[in-house]
Number of protein chains: 2
Amino acid sequence: MDLSIGELSRRTSVKVPTIRYYEQVGLLSPPARTEGRQRRYGEAEAARLNFIRHARELGFELEAIRELLELSGSPDRSCAEADAIARRQMEAVERRIGQLTALRGELERMITECGHGHVCECRVIQVLADHGQCAHAQH
Amino acid sequence: MDLSIGELSRRTSVKVPTIRYYEQVGLLSPPARTEGRQRRYGEAEAARLNFIRHARELGFELEAIRELLELSGSPDRSCAEADAIARRQMEAVERRIGQLTALRGELERMITECGHGHVCECRVIQVLADHGQCAHAQH
DNA sequence: CTTGAACCTCTAGTCGCTAGAGGATGTAGG
DNA sequence: CCTACATCCTCTAGCGACTAGAGGTTCAAG
């Protein structure tokens, strides 16, 4: 308890300017200050910041994290909302994986088909120049 | 040939402001203009823009596209560089897929374990609050 | 009491666009 | 030729989630 911003940063693996940024956008409330106006944090703030960091690692946007934090502060409410937020996030992640998997296929094909000769016959360049040479047209 | 920016936009599915943006950052060179200073494009520019769009769809950054465009303009050079750029891109895509797949697992577990009761025992909230409850510690 | 690491605020930059203001131009119909 | 109006022009600012840096202050150890 009574951590400086640097200590909090080390404890949570969130960088110092990021902590200040979270305060600025209202994800963290303004902490206590020393006489000289330096920030001092307690356990509750460290826990909240860990929550945020963890949610960020799972790809939640700050707005979603804001909602999740609000929900976590009202334990009597149904968790249907938290569920819905998490579910939305999972769907977004799945869509993104699908997209990237298609891209990987395209890139792979492009690279393996390249004869490693000169640019004038380079498969990579050719495919980029002409979408018609792609296996899948949907991107 | 002799397309207005709007026609070029329709032909390439690249939005008008994006075309102007590409010109601004030097991916497209300043086109011919009418008396009244409106842009007019030819086939070569449409092809170049298609190249860019396609590379963007494959997730290449504008800087990488700049290199690829330069390579495509010097057909006698070895395509080792184009290869390397594409390979780097594929590795980045693969890393991202790996990350997202781990996240999906975590999210899935979080959601299925939630009893859909109240927030105070919500699995989603609990897991976010305490990273120790994650299956994989590496994120 | 001095040193120097860590802190403070503030502004600006990153990437790849996107939106909007406020005005000029091009083209089709009358 | 004139009018309407879609499209074009430039310019500035905004998005998300930080990151970097300037220029100055405070804290804690020795």
Side-chain angles (χ1 to χ4, degrees), chain A residues 2-28 30-41 45 48-49 51-69 85 88-89 92-93 96 99 103 139, chain B residues 1-28 30-41 45 48-49 51-69 88-89 92-93 96 99 103 139:
Chain A
D2 235 39
L3 304 158
S4 75
I5 197 169
E7 286 160 344
L8 181 65
S9 169
R10 257 165 270 133
R11 280 240 269 171
T12 56
S13 310
V14 176
K15 291 182 191 158
V16 168
T18 305
I19 296 173
R20 286 198 276 249
Y21 171 73
Y22 287 162
E23 181 184 331
Q24 190 190 309
V25 298
L27 276 184
L28 296 174
R33 301 272 187 149
T34 63
E35 296 254 307
R37 301 206 39 75
Q38 296 201 356
R39 291 168 179 83
R40 288 297 178 267
Y41 296 93
E45 278 135 318
R48 190 175 173 97
L49 187 50
F51 186 108
I52 296 172
R53 193 210 43 175
H54 199 185
R56 280 299 294 144
E57 285 168 351
L58 289 169
F60 289 91
E61 293 178 3
L62 293 191
E63 269 320 299
I65 295 174
R66 205 185 294 277
E67 290 180 66
L68 287 167
L69 278 167
I85 294 170
R88 247 186 285 134
Q89 175 61 15
V93 168
R96 192 81 188 107
Q99 281 174 9
L103 293 193
H139 65 256
Chain B
M1 49 236 58
D2 236 40
L3 306 157
S4 74
I5 197 168
E7 286 160 346
L8 181 66
S9 168
R10 258 165 269 133
R11 280 242 268 171
T12 57
S13 311
V14 176
K15 291 183 190 156
V16 168
T18 304
I19 297 173
R20 286 197 278 249
Y21 170 74
Y22 287 162
E23 182 185 331
Q24 191 191 310
V25 299
L27 277 184
L28 297 174
R33 300 272 188 150
T34 63
E35 297 253 306
R37 303 205 38 75
Q38 296 201 357
R39 292 168 178 83
R40 287 298 177 266
Y41 297 93
E45 277 135 319
R48 190 176 173 95
L49 188 51
F51 187 107
I52 296 171
R53 194 211 41 173
H54 198 185
R56 280 298 295 145
E57 286 169 350
L58 289 168
F60 288 91
E61 293 179 3
L62 293 191
E63 269 321 299
I65 295 174
R66 202 186 297 276
E67 291 179 65
L68 287 167
L69 279 167
R88 247 187 284 134
Q89 175 61 16
V93 168
R96 192 84 188 105
Q99 280 173 10
L103 293 194
H139 66 254

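Every value quoted in this text rests on a predicted model; they were computed, and no experiment measured them. Quick note on labels: first sequence line is chain A, next is B, and so on, each numbered from 1.
- Among the atoms of the strands shown, only primed sugar atoms or phosphate atoms (P, OP1, OP2) are found under 4.0 Å from some heavy atom of A:Y22.
- A salt bridge does not link B:R11 to B:E7: none of the charged side-chain nitrogens sits closer than 4.0 Å to a carboxylate oxygen.
- In this structure, A:L27 CG and A:I19 CD1 are separated by 12.5 Å, a value rounded to the nearest 0.5 Å.
- A:Y21 places its OH atom 18 Å from the P atom of C:dA12, with the value rounded to the nearest Å.
- Atom CZ in B:R20 sits roughly 11 Å away from atom C1' in D:dC11 (whole-Å rounding).
- Going from atom OH of B:Y22 over to atom CZ of B:R56 covers 5.5 Å, rounded to the nearest 0.5 Å.
- Between A:T34 and D:dT26 there is no side-chain polar atom (N or O) within less than 4.0 angstrom of OP1 or OP2.
- When rounded to the nearest whole Å, the span between CG of B:L3 and C1' of C:dT27 equals 17 Å.
- When each of A:G36 and B:Q38 is assigned the nucleotide of DNA chain D with its nearest heavy atom, B:Q38 is the one assigned upstream, toward the 5' end.
- Among the protein residues, A:E63 comes within range of no part of the nucleic acid, since none of its heavy atoms lies under 4.0 Å from any strand.
- In this structure, the CD1 atom of B:I5 is 15 Å from the C1' atom of C:dA24, given to the nearest Å.
- The pair B:E63-B:R66 counts as a salt bridge, with a side-chain nitrogen and a carboxylate oxygen less than 4.0 angstrom apart.
- Rounded to whole angstrom, the span from the CG atom of A:L27 across to the P atom of D:dG16 amounts to 12 Å.
- Between B:E35 and B:E61, the residue whose closest nucleotide on DNA chain C is further toward the 5' end is B:E61.
- Residue A:K15 places at least one side-chain N or O closer than 4.0 Å to OP1 or OP2 of D:dT19.
- When the side-chain nitrogen and oxygen atoms of B:R39 are compared with OP1 and OP2 of D:dC9, one or more of them lie within a distance under 4.0 Å.
- Whole-Å rounding puts the B:R33 CZ to D:dT10 C1' distance at 10 Å.
- Rounded to the nearest 0.5 Å, atoms CZ (B:R39) and OG (B:S4) are 11.5 Å apart.
- Contact between the side-chain N/O atoms of B:S4 and the OP1/OP2 oxygens of D:dT7 is not found at any separation under 4.0 Å.
- Neither OP1 nor OP2 of C:dC17 sits under 4.0 Å from any side-chain N or O of B:T18.
- Using a 4.0 Å heavy-atom distance criterion, A:R56 is classed as a sugar-phosphate-only contact.
- Here D:dT7 presents its P atom at 13 Å from CZ of B:R40, a figure rounded to the nearest Å.
- Atom CD of A:E7 is separated from atom P of C:dA5 by 17 Å (rounded to the nearest Å).
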